[in-house]
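Numbers here simply count residues along the sequence, with the first being 1.
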Amino acid sequence: MPALMALRKRAQGEKPLAGAKIVGCTHITAQTAVLMETLGALGAQCRWAACNIYSTLNEVAAALAESGFPVFAWKGESEDDFWWCIDRCVNVEGWQPNMILDDGGDLTHWIYKKYPNMFKKIKGIVEESVTGVHRLYQLSKAGKLCVPAMNVNDSVTKQKFDNLYCCRESILDGLKRTTDMMFGGKQVVVCGYGEVGKGCCAALKAMGSIVYVTEIDPICALQACMDGFRLVKLSEVIRQVDIVITCTGNKNVVTREHLDRMKNSCIVCNMGHSNTEIDVASLRTPELTWERVRSQVDHVIWPDGKRIVLLAEGRLLNLSCSTVPTFVLSITATTQALALIELYNAPEGRYKQDVYLLPKKMDEYVASLHLPTFDAHLTELTDEQAKYLGLNKNGPFKPNYYRY
């Protein structure tokens, strides 16, 4: 994780997070551990819970606890365990958090609902998922967001590298580890053609799969068509496809009606943050039989013998069933750390009670820290060129409205 190490080395002497008390709710993996250690090295105190009941690496959680970080998480939590862990993370006598690092918004909403006085004393929130950002904007629109929040999900470094390039690799890893399937010739429908959907489609197409796409947004839909994918409604192809992948950030994208019409042995999985995209609850009925065939793989069997293969019970496939590239997580973790530093040290009045995007200068800084890994050399503008373009030679190089 080169950028995170560089950030730790450069800022360790300054301790820019001295006095920060950060509560976090993210996937607890080895990469998260490096982020937590970095935040600690920069002066922060941290307490942590997991944002997903299946993605925690128990050995990592134990190692963090042993080294002095209070961590409340284990792989395979129940729903009740999940909320108990978040509450234990937050509700501790003599310790008042002043920063939140969230992935999905569950921690933020728990504090907002259960501990409103604590919520009012928070200096800033950093959120990294589509789901969590959507919930923050809802709070802001309703006039109930009383602290500034940083939307890391829509930073360029998160969108392009974590969402696009990471999912392009991890979708294949997750499917291979759970099903041992071959991709060539398989018919796949990918629901959603945002950055995650683009990554999934590119990987599956390269492996020889026949890929269909569903979309609600005409711009993303046109991109899918121009990239060579057939744009369809899910109901049009549900009987013929071998794999259904959701990555929309929405709810009930795959309904019981769709599930009933799927062909035998169809694989169903989710690459979005939340487990709401596939209506898994509708499958827990007396006439259907659930059969656990291996970790994170269930066969759901209909009375006529038809079965579907459900992965991770509809939760995030890559972090529940496989791993994601450490290099990409270095980019996301560095973005999160910089956002925390920015909000914690911002002078009063710079950020109001609203949701903000990461300043572009920071996005560029995160990207630049990763270039040495590739022995990459940036071209520098001459004074004349910088003047011609109306830019500072050191950036930012693009206006905020630029679409990468």
Checklist outcome for this item: Given the options Val190, Ile243, Val188, Ser209 meets side-chain contact (heavy atoms from CB on, under 4.5 Å) only with Val188

With no hydrogens and no angle check, just 3.5 Å: does a side-chain donor-acceptor pair link [X] and [Y]?
X	Y	value
Gln96	Tyr115	no
Glu287	Thr285	yes
Gln296	Thr178	no
Asn153	Ser129	no
Thr29	Thr32	yes
Gln159	Asp154	yes
Gln385	Lys393	no
Asp81	Ser78	yes
Arg8	Thr38	yes
Trp95	Gln45	yes

Next on the checklist: Run the side-chain contact (heavy atoms from CB on, under 4.5 Å) test against Ala63 and tell me which residues pass, sequence neighbours left out.
Outcome noted: none

Checklist entry - Is any side-chain heavy atom of Ile171 closer than 4.5 Å to a side-chain heavy atom of Asn318? => result no

Sequence neighbours left out, cut at 3.5 Å: what donor-acceptor pairs do the side chains of residues 397-404 make with other protein atoms?
{"from": "Arg403", "atom 1": "NH1", "to": "Tyr401", "atom 2": "O", "distance (Å)": "3.2"}
{"from": "Tyr404", "atom 1": "OH", "to": "Lys360", "atom 2": "NZ", "distance (Å)": "3.4"}

Can you give each donor-acceptor pair under 3.5 Å made by side-chain atoms of residues 19-26, sequence neighbours left out, with the distance rounded to 0.1 Å?
{"from": "Thr26", "atom 1": "OG1", "to": "Trp48", "atom 2": "NE1", "distance (Å)": "2.9"}

Results of ring pair (Phe, Tyr, Trp, His ring centres under 6.0 Å) for [X] - residues two or more places apart only:
X	result
Trp83	Trp110
Phe72	none
Tyr112	Phe119
Tyr351	Tyr356

Among residues at least two apart in sequence or on other chains, which ones pass salt bridge (charged side-chain N to carboxylate O under 4.0 Å, His left out) with [X]?
X	value
Glu195	Lys160
Asp279	none
Arg307	Glu291

With no hydrogens and no angle check, is any side-chain donor or acceptor of [X] less than 3.5 Å from a backbone partner on [Y]?
X	Y	answer
Thr248	Asn250	yes
Ser155	Val152	yes
Arg177	Ser322	no

Any Lys/Arg nitrogen of [X] or [Y] sitting under 4.0 Å from an Asp/Glu carboxylate oxygen of the other?
X	Y	answer
Glu59	Lys75	no
Glu313	Arg292	yes
Glu257	Arg239	no
Asp180	Lys176	no

Checklist entry - Between Phe327 and His370, is the ring centre distance below 6.0 Å? => result yes

Checklist entry - Does the pair Glu127 and Arg135 meet the rule for a salt bridge (charged side-chain N to carboxylate O under 4.0 Å, His left out), with working shown? => result CA-CA 10 Å; Glu127 171 57 56; Arg135 295 166 83 175; over 6 Å; no

Checklist entry - Taking only residues at least two apart or on different chains, which pairs with a member in residues 227-269 satisfy ring pair (Phe, Tyr, Trp, His ring centres under 6.0 Å)? => result Tyr193-Phe229

Checklist entry - With sequence neighbours left out, which residue pairs that include part of residues 209-236 fulfil the salt bridge (Lys or Arg N to Asp or Glu O under 4.0 Å) condition? => result none

Next on the checklist: Quick check for you: to the nearest 0.5 Å, what is the distance between Gln353 atom CD and Lys144 atom NZ?
Outcome noted: 14.5 Å

Checklist outcome for this item: Which of Asp363, Asn163, Thr335, Asn151 passes side chain to side chain donor-acceptor pair (under 3.5 Å) with Lys158? It is Asn163

